[in-house]
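Here's the structure, in structure tokens; my notes come after.
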Protein chains: 2
Amino acid sequence: MNNREREMTAEVLKAMAHPVRLGVIELLAEGEKTCTELFENLECSQSMMSQQLKILCQQGLVAIRKEGTQKYCALQNPDFLKLFDCMHKHLRTFLHFKD
Amino acid sequence: MNNREREMTAEVLKAMAHPVRLGVIELLAEGEKTCTELFENLECSQSMMSQQLKILCQQGLVAIRKEGTQKYCALQNPDFLKLFDCMHKHLRTFLHFKD
DNA sequence: TCCAAACATTAGAAAATTATAATGTTATAA
DNA sequence: TTATAACATTATAATTTTCTAATGTTTGGA
């Protein structure tokens, strides 16, 4: 990796590195969800969710489809889903989620 | 993932999400390096490197072994190396490193 | 046309991160 | 024992992130 690649990679990792945004990715792995479904499930404010979704979209992780007054969010890229699955699998062994 | 797990995961991702720290991980994937080798290769100040290494150690990503006046850094956990390889592989297809 | 639901934007305070400069510590070699 | 190489710590300024509260926009239904 050259420095530019490391910077781009860091940006994507930063976009993932937040509890709410991780929750969004996790929920979207199940399939499309509306913004309301997301913030209700993840117990955060509507405003918070809107801002976090913006970050995920800007990094190309999430795509949004409009339908009437609602917006449906989905994971943008199947490669990213593979990345996330892989990451999640290894993190479970790396972090021993105990207590 | 529950919320606690998402917070722990976010912490690890944050620890990775920095160009210098990604560079450290990349170099250490080749094998042990001293702190000086790291900051010389990555073109950052000694102080900067010391601080970034502290972050990587705190998250359990890097281990440090002392030998005389030098310190040898290495990746702490083989599971993490697998995680990083996997992540890197998928990121290369996800981010199309072009410019 | 008017209201409400769904979502976005803005403003601003608090906290965290980043980076640099200066200084401190420790161990070895001379 | 003194100087130096290797590394750590501290202080601090600048920037970024996080979060909440308030307000704005758009769309569909009554």
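Quick note on labels: first sequence line is chain A, next is B, and so on, each numbered from 1.
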Nearest-angstrom distance from the residue atom CZ of B/R65 to P of D/dC7: 12 Å
Polar side-chain contact B/T36-D/dA5 base: donor and acceptor under 3.5 Å: no
For A/R21 and D/dT18, is the shortest distance between a side-chain N/O and OP1 or OP2 below 4.0 Å? yes
Interatomic distance where CD1 belongs to A/I55 and P belongs to C/dT9 [whole Å]: 13 Å
Base C/dT9 to side chain A/S47, donor-acceptor N/O within 3.5 Å cut-off: yes
Using a cut-off of strictly less than 4.0 Å, decide whether B/K54 has a side-chain nitrogen or oxygen near OP1 or OP2 of D/dT9. yes
Give the rounded distance in Å between these two atoms: CD of B/E67 and C1' of C/dA27. 13 Å
Between B/T9 and B/E5, is there a donor-acceptor pair closer than 3.5 Å when you use the side chain of the first and the backbone of the second? yes
Output the rounded distance in Å from CD (B/Q58) to C1' (C/dT17). 13 Å
Closest nucleotide among D/dC19, C/dA19, D/dC7 to the B/Q70 side chain: D/dC7
Checking C/dC7, D/dT27, D/dT20 against the side chain of A/K66 (C-beta onward), the nearest is D/dT27
Most 5' of B/G68 and B/Q46 on DNA chain C, judged by nearest nucleotide: B/Q46
Quick one: closest heavy-atom pair of B/C86 and A/M87, and the distance? SG-N, 4.3 Å
Would B/N77 and B/L61 count as a side chain to side chain contact (heavy atoms under 4.5 Å, CB included) here? Give the steps. CA-CA 7 Å; B/N77 193 314; B/L61 304 186; over 6 Å; no
Do the side chains of B/K14 and B/E11 get close enough for a salt bridge, i.e. N-O under 4.0 angstrom? yes
Side chain of B/K14 only, heavy atoms from C-beta on: which candidate in C/dA6, C/dT17, D/dT20 is closest? C/dT17
In whole angstrom, what separates B/Y72's OH from D/dA6's P? 10 Å
Can you figure out which of C/dA27, D/dC7, C/dA6 approaches the side chain of A/T69 most closely? C/dA6
Per nearest nucleotide of DNA chain D, the residue lying toward the 5' end, B/M48 or A/Q52, is B/M48
Is B/Q51 side chain donor-acceptor paired with the C/dT17 base, going by distance under 3.5 Å alone? no
Quickly work out the B/E43 CD to C/dA19 C1' distance and round it to whole Å. 16 Å
Given atom CG of A/L53 and atom C1' of C/dT9, what is their separation to the nearest angstrom? 14 Å
Please report the C-alpha distance between B/I55 and B/Q52 in whole Å, then the side-chain angles of each, then the deciding distance to 0.1 Å, and finally whether the side chain to side chain contact (heavy atoms under 4.5 Å, CB included) criterion is met. CA-CA 5 Å; B/I55 292 171; B/Q52 302 311 325; 3.7 Å; yes
From NZ of A/K33 across to C1' of C/dC7 the rounded distance in Å is 18 Å
